[in-house]
Amino acid sequence: MLRALIFDVDGTLAETEDLHRQAFNRAFAELGLPWRWDEALYADLLTVMGGKERLAHYIDTRHAAEAEALHALAPEIHARKTRAYGELVTESGLPLRPGIARLIAEARAAGLRLAVATTTSRPNVDRLVAANFPPDAAPFDVIAAGDEANRKKPAPDVFLLALAGLDIPASEAVAFEDSAAGISSARAAGLPVLATRSRYTESHPLDGAFSAVSDLGEPERPHRHIAGVEWPGGVVDLANLIRVHATLDDQSAPFQAMGTSR
């Protein structure tokens, strides 16, 4: 029985990653740091999960000689980055990815519970939700954010937090992810995963997901199927998601790797 949907945020709910990159660059400029993360560098840095951890990794690998002083400055860099990200979300009116708002509305109407499981910080989630839902909508019953988890993805901690908040077993939920680390995290928590491609995860293998698609699709804009379960009309809708979920024999065991690197 499918009772809940659990969504990653960055790259899954919306194409947020480039705004994060721009926000880091704004923070660097404000503090007079001669750093600029271009898209290629940021794609490499995204192998490190979590903005604070990503910044620390960059300092250790690119500025080792100044690491002690820069680590002391890192909290201020990240605080400015978080503010800049919120400003960018507001300025850009960043939309949700295709099919997200539709599926959330379908799930709400059917009485399913909804959660977020993300490595990003809570203020970033709140800004994205505020930009895309009415003030009184409260689309998510549970938000498990990165700062609340002891370990970042690919560890299962944040998904386990979401499941605990929902008070349901993993067998009664589906996770939505866009990255290899995210899929590994959800699978380690016992969750079946539906994977979508995003701008910064085009090269990621999506092994472990029961279905991989370009996005959730809309009736007037069907998605591109990549591997695994195919969806009628190129649209992931709740009725078919419930049907597919009922056919998954053992959500606690890894699904067969699908070779979805294209």
Are any side-chain N or O atoms of [X] and backbone N or O atoms of [Y], one a donor and one an acceptor, separated by less than 3.5 Å?
{"X": "Glu218", "Y": "Pro98", "result": "no"}
{"X": "Arg151", "Y": "Pro156", "result": "no"}
{"X": "Thr12", "Y": "Val9", "result": "no"}
{"X": "Thr201", "Y": "Arg197", "result": "no"}
{"X": "Thr90", "Y": "Gly86", "result": "yes"}
{"X": "His225", "Y": "Gly228", "result": "yes"}
{"X": "Arg54", "Y": "Val48", "result": "yes"}

Contact check, side chains of [X] and [Y], non-hydrogen atoms, under 4.5 Å:
{"X": "Ser211", "Y": "Glu230", "value": "no"}
{"X": "Arg243", "Y": "Leu241", "value": "no"}
{"X": "Asn124", "Y": "Lys81", "value": "yes"}
{"X": "Asp38", "Y": "Arg36", "value": "yes"}
{"X": "Ile6", "Y": "Val174", "value": "no"}
{"X": "Phe176", "Y": "Thr196", "value": "no"}
{"X": "Leu19", "Y": "Leu94", "value": "yes"}

Using every non-hydrogen atom in the two residues, find where [X] and [Y] come nearest and quote the distance to one decimal.
{"X": "Ala186", "Y": "Ala175", "result": "CB-CB, 3.8 Å"}
{"X": "Pro95", "Y": "Asn132", "result": "CA-OD1, 3.5 Å"}
{"X": "Thr119", "Y": "Gly50", "result": "OG1-N, 4.0 Å"}
{"X": "Ala64", "Y": "Asp60", "result": "CB-O, 3.5 Å"}
{"X": "Gly11", "Y": "Thr16", "result": "N-OG1, 3.7 Å"}
{"X": "Arg97", "Y": "Ala14", "result": "CG-CA, 3.5 Å"}

To the nearest 0.5 angstrom, please state how far the [atom1] atom of [X] sits from the [atom2] atom of [Y].
{"X": "Thr118", "Y": "Leu128", "atom1": "OG1", "atom2": "CG", "result": "10.0 Å"}
{"X": "His78", "Y": "Glu53", "atom1": "NE2", "atom2": "CD", "result": "8.0 Å"}
{"X": "Leu103", "Y": "Leu114", "atom1": "CG", "atom2": "CG", "result": "8.0 Å"}
{"X": "Leu2", "Y": "Leu248", "atom1": "CG", "atom2": "CG", "result": "9.5 Å"}
{"X": "Ser198", "Y": "Asp18", "atom1": "OG", "atom2": "CG", "result": "11.5 Å"}
{"X": "Asp10", "Y": "Glu17", "atom1": "CG", "atom2": "CD", "result": "4.5 Å"}

Below 4.0 angstrom, N of the basic side chain to O of the carboxylate: do [X] and [Y] qualify?
{"X": "Lys152", "Y": "Asp157", "result": "no"}
{"X": "Glu30", "Y": "Arg80", "result": "yes"}
{"X": "Glu106", "Y": "Arg102", "result": "yes"}
{"X": "Lys153", "Y": "Asp8", "result": "yes"}
{"X": "Arg199", "Y": "Glu39", "result": "yes"}
{"X": "Arg108", "Y": "Asp141", "result": "yes"}

* Asked: Is it true that the side chains of Asp147 and Ser121 contain a donor and an acceptor less than 3.5 Å apart?
  ->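 Their side chains do not contain a donor-acceptor pair, so the 3.5 Å distance test is not met.
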* Asked: His204 and Asp178: side-chain donor and acceptor closer than 3.5 Å?
  ->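 No donor-acceptor contact under 3.5 Å links the two side chains.
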What donor-acceptor contacts under 3.5 angstrom involve side-chain atoms of residues 232-239, with partners at least two apart or in another chain?
| from | atom 1 | to | atom 2 | distance (Å) |
| --- | --- | --- | --- | --- |
| Asp237 | OD1 | Asn240 | N | 3.1 |
| Asp237 | OD1 | Asn240 | ND2 | 2.9 |
| Asp237 | OD2 | Asn240 | ND2 | 3.4 |

Are [X] and [Y] joined in one hydrophobic group, where the rule is that I, L, V, M, F, W and Y side chains link up if heavy atoms are under 4.5 Å apart?
{"X": "Leu163", "Y": "Val142", "result": "yes"}
{"X": "Val116", "Y": "Leu96", "result": "yes"}
{"X": "Met49", "Y": "Ile183", "result": "no"}
{"X": "Phe140", "Y": "Leu161", "result": "no"}
{"X": "Val89", "Y": "Ile143", "result": "yes"}

* Which other residues end up in the same hydrophobic cluster as Ile59, if Ile, Leu, Val, Met, Phe, Trp and Tyr are linked when side-chain heavy atoms come under 4.5 Å apart? ->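 Reading the cluster by chain and number, Ile59 sits alongside Phe24, Phe28, Leu31, Leu33, Trp35, Trp37, Leu41, Tyr42, Leu45, Leu46, Leu55, Tyr58, Leu70, Leu73, Ile77, Tyr200.
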* Report the relative orientation of the aromatic rings in His20 and Tyr85; use parallel for angles under 30°, tilted for 30 to 60°, perpendicular for over 60°. =>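 Parallel.
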* What pairs with Glu91 under salt bridge (charged side-chain N to carboxylate O under 4.0 Å, His left out), at least two apart in sequence or on another chain? ->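 By the salt bridge (charged side-chain N to carboxylate O under 4.0 Å, His left out) rule, Glu91 matches Arg26.
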* Apply side-chain contact (heavy atoms from CB on, under 4.5 Å) to the pair Asp215 and Arg221, showing each step before the final yes or no. => CA-CA 10 Å; Asp215 53 63; Arg221 184 189 160 188; 4.0 Å; yes
* Asked: Under the side-chain contact (heavy atoms from CB on, under 4.5 Å) criterion, do Arg127 and Val125 qualify, and how do the steps go?
  -> CA-CA 5 Å; Arg127 281 298 189 110; Val125 181; over 6 Å; no
